[in-house]
Protein chains: 2
Amino acid sequence: MSESRWLDAEEMSAWQAFLTASHLLDRRIEEQLKSAAGLTHPQFEILAILSASPERRLRMTELARRVVVSKSGLTYQVTQLAKRGLVERTTCPGDDRGVLAVLTDEGMRHLEKTAPGHVEVVRRFLIDLLSRQELTTMASAMRKAQEAMRPSS
Amino acid sequence: MSESRWLDAEEMSAWQAFLTASHLLDRRIEEQLKSAAGLTHPQFEILAILSASPERRLRMTELARRVVVSKSGLTYQVTQLAKRGLVERTTCPGDDRGVLAVLTDEGMRHLEKTAPGHVEVVRRFLIDLLSRQELTTMASAMRKAQEAMRPSS
DNA sequence: TGGTTGTTGTTCAAACTCGAACGAAACTGT
DNA sequence: ACAGTTTCGTTCGAGTTTGAACAACAACCA
């Protein structure tokens with residue numbers, strides 16, 4: 001047990017701001033996606049990540065890791081997306097345990113239709129408020145945190 | 001409808017890092033609080049905010065706003081905390097509609113016992129990774145975002 | 001080869017979250 | 001005073017999330 005160092009005023013304020021801003025932002029995003037595309041934020045992320053993957057497909061475990069969601073949570077969301085025809089499940093060649101989530105053409109169209117409105121929110125409430133210097137500093141900070149929390153990548 | 005500007009590589013990477021880092025951090029915090037104190041992150045925030053409020057009490061609506069949770073979500077969590085004796089409900093003097101959530105002595109003790117372990121996680125995976133300059137820049141960025149999303153305060 | 005260990009994805013129960021709808025109380029303007 | 005509007009907190013139903021348990025398959029090593 002290390003001696004516990006408290007947060008000084010500036011650290012506390014920074015942490016508080018981070019926490020509040022990220023919650024508020026997530027609420028805005030959720031609301032926008034739901035009303036404009038009938039998607040939750042995790043669902044949108046699944047489509048976005050798949051669209052940027054080779055052959056628009058990814059193993060379930062890897063996809064869960066990238067979205068930062070539990071395995072069971074991903075199973076649920078992929079099922080929801082599959083019901084709507086935006087994603088399909090394919091068996092994984094070379095590993096009979098594996099399942100590949102594949103973005104369908106319809107999923108791709110839906111994503112392309114949805115993305116601009118989503119980006120607009122991200123811009124309005126975060127990106128466009130920051131100078132280039134602030135942006136790079138924040139990015140570097142976030143990457144350090146990421147690095148600390150997931151051993152590799 | 002404004003013409004949609006996409007995110008350039010740096011913006012995209014920054015947004016991606018922010019999103020991933022905040023999710024990972026929340027998972028770590030949730031896990032630590034659950035195992036060490038049997039609290040969810042929102043529950044901890046409720047206790048923390050109340051402890052810093054005059055007379056350790058706050059109106060439900062104001063508390064919900066600060067925790068960034070829906071009114072019904074707060075009702076649920078306060079009920080959970082009340083069952084454990086960490087929080088009490090009091091009628092609001094001067095407004096019969098109102099309800100005050102009050103941190104009990106036991107709630108205060110539980111918070112004090114829990115806080116160090118929580119702060120440790122926040123330090124390890126965020127605060128301590130940043131230089132003072134990075135910290136202030138990130139804080140300023142987050143405050144701008146906050147400002148943009150909630151009209152006042 | 002055969003047995004142990006690890007990984008993969010799903011199912012399940014429990015918990016949590018949200019928005020809509022609601023009754024109650026406060027505010028408003030006439 | 002009083003109807004109309006707003007604010008307050010709760011209830012409710014629906015949807016989402018998680019970890020634990022599980023079955024199927026892979027990888028390893030004697």
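A, B, ... follow the sequence lines: proteins, then strands. Residue 1 opens every chain. Computed from heavy atoms alone, side chains included, the values below leave out hydrogens, waters and symmetry copies.
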Closest-nucleotide mapping onto DNA chain D: is B/M60 or B/R27 further toward the 5' terminus? I mean the 5' end. B/M60
Check nucleotides 22-28 of chain C against the protein and report each pair of N or O atoms closer than 3.5 Å, with its distance, or say if there are none.
residue: C/dA26; atom: OP1; partner: B/D96; partner atom: N; Å: 3.1

Indicate whether any N or O donor in one side chain lies under 3.5 Å from an N or O acceptor in the other, for B/T136 and A/E10. no
Between B/K144 and A/D128, does any side-chain N to carboxylate O distance fall below 4.0 Å? no
Once you apply a heavy-atom cut-off of 4.0 Å, does A/G73 come out as touching a base, just sugar-phosphate, or nothing? base
A/R65 CZ to C/dT8 C1', in whole Å, measures 16 Å
Do A/M60 and A/C92 pass the side-chain contact (heavy atoms from CB on, under 4.5 Å) test, and can you show the C-alpha distance, the side-chain angles, and the key distance before you say yes or no? CA-CA 10 Å; A/M60 293 295 277; A/C92 179; over 6 Å; no
In whole angstroms, how far is the P atom of D/dC8 from the CG atom of B/L100? 13 Å
With rounding to the nearest 0.5 Å, note down the distance linking CD in A/E147 to CG in B/L129. 10.0 Å
Whole-Å distance between C/dA15 P and B/E30 CD? 15 Å
Is there a donor on the side chain of A/T75 or the base of C/dG9 sitting less than 3.5 Å from an acceptor on the other? no
Could you tell me which non-hydrogen atom of A/L100 sits nearest to which non-hydrogen atom of A/T91, and how far apart they are? CD1-O, 4.1 Å
A/V68 or B/R89: which one's nearest nucleotide on DNA chain D is closer to the 5' end? B/R89
From CG of B/D26 over to C1' of C/dT17, roughly how many Å is that when rounded to an integer? 14 Å
All N/O contacts under 3.5 Å from nucleotides 14-16 of chain D to the protein, with atom names and distances to one decimal?
residue: D/dT16; atom: OP2; partner: A/Y76; partner atom: OH; Å: 2.6

Value in whole Å for how far the P atom of D/dG19 lies from CG of A/L74: 14 Å
Assign the ring pair A/H118 / A/H41 to parallel, tilted or perpendicular, where the plane angle (0 to 90°) is split at 30° and 60°. tilted
No-H, no-angle donor-acceptor pair, A/S70 side chain to D/dG19 base, under 3.5 Å: no
For the atom pair CG (B/L135) and CG (B/L126), what is the distance rounded to the nearest 0.5 Å? 8.0 Å
List the steps and the verdict of side-chain contact (heavy atoms from CB on, under 4.5 Å) for B/V69 and B/E45. CA-CA 11 Å; B/V69 75; B/E45 289 186 61; over 6 Å; no
Nearest whole angstrom, please: distance from the P of D/dC8 to the CG of B/L63. 13 Å
Closest non-hydrogen atom pair, B/R59 against B/G98: NH2-CA, 3.5 Å
